[in-house]
Trainee: 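Just dropping this structure here.
The model shown is predicted, which means the values in this text are computed figures rather than measured ones. In what follows, every chain begins at residue 1, and chains take the letters A, B, ... in the order their sequences are listed.
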Protein chains: 2
Amino acid sequence: MSKKKNKVVTIYDIANELNYSPSTISRALKNHKSIGKDTTKQIQETAKKLGYRPNSLAASLRNNRSNNIGILIARINRPFISSLISGVENSARAAGYNVLISQSDDNYKNEVANAKALYDSRVCGIVASLSMETKNADHFKQFLEQDIPVVFVDRVPSDLNSYRVIIDNYSAGYKATEHLIQQGCTRIAHFAGAQHLNIYKLRKNGYIDALKAHGITPDKELLIYMNTMSFEEGQEATSKLLNMKNPPDAIFSSNDTAAVSAIMQAKKQGVKIPEELAVIGFNDDPIASIVEPALSSISHPAMKMGELSTKRILEHADKKIEQGVSEITVLDTEVIVRASSLRKK
Amino acid sequence: MSKKKNKVVTIYDIANELNYSPSTISRALKNHKSIGKDTTKQIQETAKKLGYRPNSLAASLRNNRSNNIGILIARINRPFISSLISGVENSARAAGYNVLISQSDDNYKNEVANAKALYDSRVCGIVASLSMETKNADHFKQFLEQDIPVVFVDRVPSDLNSYRVIIDNYSAGYKATEHLIQQGCTRIAHFAGAQHLNIYKLRKNGYIDALKAHGITPDKELLIYMNTMSFEEGQEATSKLLNMKNPPDAIFSSNDTAAVSAIMQAKKQGVKIPEELAVIGFNDDPIASIVEPALSSISHPAMKMGELSTKRILEHADKKIEQGVSEITVLDTEVIVRASSLRKK
DNA sequence: TTGTACGCGTTATCAG
DNA sequence: CTGATAACGCGTACAA
């Protein structure tokens with residue numbers, strides 16, 4: 001037996017079966033008001049009987065508008081991102097939309113190519129979080145020019161006005177630092193990410209301002225700039241910090257990976273957590289609850305950010321938006337206090 | 001200023017510009033052999049100049065074949081799955097395909113609905129890993145009937161013949177158990193997942209046969225059946241096991257989440273790992289390296305499984321496959337030995 | 001309430 | 001090597 005494709009049923013087949021015109025079928029299947037109740041019912045039943053399945057490709061072409069939402073992120077297999085995607089997917093599917101994903105591997109060229117691919121496949125909207133390398137967002141203009149909504153999440157560009165769904169990174173950095181100060185820490189180090197990305201710059205600013213607000217002069221030696229904030233970078237930085245003449249008594253890391261590596265490195269060097277070194281991370285990844293002592297962190301409502309991103313896209317069609325003006329949605333973060341930073345009771 | 005859509009350029013616009021026919025433009029843009037070198041070059045340059053972007057919706061409709069690969073999984077935000085997706089996405093995009101995702105939340109009805117949605121959006125192939133609840137795979141037949149390749153990964157159905165990309169779960173279960181035996185353990189417990197899923201059944205069978213092969217009689221009390229293998233289920237089971245008159249000296253868990261919870265629960269009860277209780281998990285999730293002592297596990301080549309799944313789909317078109325006959329790809333696993341099971345040196 | 005006719009953008013076929 | 005034509009399946013003015 002060779003390949004055998006069963007014939008695909010179209011609205012024409014239903015039309016023939018019932019001696020209606022294709023347009024009547026089309027309308028009935030969409031519950032158009034102008035078609036009689038009984039006619040509609042009959043048509044829908046026959047459609048089901050014949051095994052009719054709508055061809056959304058054809059509908060999209062006709063409407064010049066697909067029901068696919070595109071996602072453009074750096075890497076799928078990270079806790080924050082996969083939760084974000086999960087939120088987009090759930091809410092999109094509930095509304096009858098599909099989700100197209102693309103990852104840039106934190107590479108700018110890939111990001112540009114992916115944006116192109118998503119555009120060419122005629123997505124009806126796009127959710128994007130920039131790659132580490134991205135310093136300009138011109139590749140998103142093609143969407144805006146066609147009035148396709150772009151929602152930037154988390155790692156957002158500073159030079160392009162579009163929808164944003166973000167957290168208040170400045171305030172989160174401030175709160176994290178203040179928490180450490182309240183625990184009695186005075187020499188607080190900070191692991192900062194690439195500064196051309198707003199999120200890391202703002203967390204750092206929050207850190208610095210919190211120090212100043214509590215009468216602590218920021219020490220440049222305690223401010224560590226990292227590229228990728230990997231486990232290895234965290235280990236190395238921690239080792240250097242602990243070997244200083246005047247080592248820090250706390251670390252606020254801009255992500256959990258580096259924070260966890262700090263805890264593990266400190267323990268390896270015999271430094272007690274949190275007594276000698278308090279640590280707080282960012283994101284509240286699963287590893288934060290597993291490391292010992294458990295890592296304090298800033299919780300980031302990833303799933304919800306995804307849901308809100310979808311919402312912005314779906315709402316967009318209904319709105320009359322002035323070009324160049326867009327909404328910014330800011331979500332709350334929470335300081336999750338665990339053993340790694342708990343010095344006082 | 002109100003919404004302003006720039007005109008979209010089509011092959012007709014290029015045709016008008018250059019006084020060629022649309023068919024010539026179409027062919028030139030695809031580097032068709034029959035078009036002259038210089039004509040092709042001229043057309044491609046003009047296309048670029050005018051800002052032409054292909055409409056893949058139209059092409060897909062015409063060809064009755066999209067370039068979208070669908071993914072159907074239970075949950076995106078799990079390490080194994082997000083790596084799998086990552087593998088599919090990378091290889092698909094490299095070949096010029098897009099990836100549509102859908103998650104069932106381990107719910108059968110959602111899975112059926114998602115399969116329908118992916119079918120309706122005319123994917124050219126699908127990669128699927130079943131939900132926990134799924135006991136029959138009839139909802140995948142619609143694809144096979146249209147000769148749309150379905151690749152089952154990891155959690156595969158037992159009642160439907162299609163492509164499979166899997167690991168040898170029996171052998172992995174055997175190896176894990178044997179490793180514990182070699183460390184001197186004799187009362188080895190097993191956390192088994194839902195038995196209607198092949199992967200868990202096979203791991204359990206491997207466990208039982210390994211015991212027998214080494215002269216150990218399986219003890220029913222040490223075989224714990226779980227539903228979701230969550231952290232909580234693992235904690236509870238561990239607590240019960242440790243409170244037995246004759247507690248186990250090792251646990252082989254079918255996933256890392258439950259294994260990590262076992263370690264943490266054992267420590268809480270003052271049981272020493274690995275001296276009094278050796279533990280090995282499955283999947284080699286990130287948490288395995290973070291928990292203390294670090295968790296031994298079975299590594300699962302998720303990314304590679306994704307890449308191979310894409311490959312099967314892309315190859316499918318070229319092949320003459322007999323209906324009802326499909327290839328099975330079995331990948332190697334590796335026992336990753338860490339401190340949680342290392343009793344001998 | 002239902003039907004007619006056309007077009008969405010592309011590509012395959014056939015003709016030249 | 002290039003052009004004309006039809007078709008993919010659907011949606012919608014317009015007509016009846």
Side-chain angles (χ1 to χ4, degrees), chain A residues 5-44 46-47 50-68 96 119-124 146, chain B residues 5-44 46-47 50-68 96 119-124 146 148 317:
Chain A
K5 295 205 187 189
N6 297 9
K7 173 103 179 55
V8 170
V9 179
T10 73
I11 54 174
Y12 287 89
D13 299 314
I14 306 177
N16 282 332
E17 178 86 5
L18 295 177
N19 282 323
Y20 275 115
S21 82
S23 40
T24 303
I25 308 296
S26 172
R27 288 187 271 244
L29 291 173
K30 303 193 73 188
N31 288 313
H32 199 287
K33 317 200 167 204
S34 69
I35 306 291
K37 275 286 169 199
D38 32 358
T39 319
T40 299
K41 194 182 169 192
Q42 184 195 17
I43 289 176
Q44 292 186 348
T46 317
L50 296 181
Y52 168 77
R53 307 291 291 273
N55 185 330
S56 49
L57 246 37
S60 297
L61 175 61
R62 179 61 238 246
N63 296 327
N64 191 30
R65 172 172 188 288
S66 83
N67 56 164
N68 293 157
Y119 178 94
D120 287 345
S121 82
R122 297 299 193 266
V123 292
C124 65
Q146 299 303 326
Chain B
K5 295 204 188 192
N6 297 8
K7 173 99 180 56
V8 170
V9 179
T10 73
I11 55 174
Y12 284 90
D13 300 314
I14 306 177
N16 282 333
E17 178 88 4
L18 296 176
N19 282 324
Y20 276 116
S21 82
S23 11
T24 303
I25 308 297
S26 172
R27 287 187 274 243
L29 291 173
K30 303 192 75 189
N31 285 313
H32 199 288
K33 316 197 168 208
S34 68
I35 306 291
K37 277 286 170 199
D38 33 357
T39 318
T40 299
K41 194 180 169 194
Q42 184 195 19
I43 290 177
Q44 292 186 346
T46 318
L50 296 181
Y52 168 78
R53 305 292 289 274
N55 185 331
S56 50
L57 247 38
S60 297
L61 175 62
R62 177 60 235 241
N63 296 329
N64 192 30
R65 172 172 189 289
S66 82
N67 56 165
N68 293 157
Y119 177 94
D120 287 346
S121 83
R122 297 297 193 267
V123 292
C124 64
Q146 298 304 324
I148 297 169

Trainee: Does A/Ser56 use its side chain to pair, donor to acceptor, with the backbone of B/Asp120 at less than 3.5 Å?
Mentor: yes
Trainee: Would you mind building the protein contact string for nucleotides 3-10 of chain D? One character per nucleotide, 5' to 3', B for base within reach (heavy atoms under 4.0 Å), S for sugar-phosphate only, - for untouched.
Mentor: BB-BBBBB
Trainee: Could you tell me whether B/Arg65 atom CZ has more than 12 heavy atoms of other residues or ligands within 6.0 Å of it?
Mentor: no
Trainee: In whole angstrom, what separates B/Ile14's CD1 from C/dT10's C1'?
Mentor: 12 Å
Trainee: For C/dT2, does either OP1 or OP2 sit under 4.0 Å from a side-chain N or O belonging to A/Ser34?
Mentor: no
Trainee: Give the angle between the helix axes at the two ends of the helix from C/dT1-D/dA16 to C/dG16-D/dC1, taking five base pairs at each end and rounding to 10°.
Mentor: 40°
Trainee: Using a 3.5 Å distance criterion without hydrogens, assess whether the side chain of B/Thr46 forms a donor-acceptor pair with backbone atoms of B/Ile14.
Mentor: no
Trainee: Which atom pair, heavy atoms only, marks the closest approach of A/Ala28 to A/Ile43?
Mentor: CB-CD1, 3.5 Å
Trainee: Taking CZ from A/Arg65 and P from C/dG9, how many angstroms apart are they, rounded to a whole number?
Mentor: 16 Å
Trainee: Give the minimum heavy-atom separation between A/Leu61 and B/Asn55, together with the two atoms involved.
Mentor: CD1-ND2, 4.1 Å
Trainee: Rounded to whole angstrom units, what separation is found between the NZ atom of B/Lys37 and the C1' atom of D/dT2?
Mentor: 17 Å
Trainee: Give one of base, sugar-phosphate or nothing for B/Ser60, where a contact means two heavy atoms less than 4.0 Å apart.
Mentor: nothing
Trainee: Which heavy atom of A/Ser26 sits nearest a heavy atom of A/Ile11, and at what distance?
Mentor: CB-CD1, 4.3 Å
Trainee: Looking only at non-hydrogen atoms, find the nearest pair between B/Ala15 and B/Pro22 and report the distance.
Mentor: CB-N, 3.9 Å
Trainee: Nearest whole angstrom, please: distance from the P of C/dT1 to the CG of A/Leu18.
Mentor: 18 Å
Trainee: How many whole angstroms separate atom CG of B/Leu29 from atom P of C/dG9?
Mentor: 15 Å
Trainee: Is a side-chain donor or acceptor of A/Asp13 paired with a backbone partner of A/Thr10 at a separation under 3.5 angstrom?
Mentor: yes
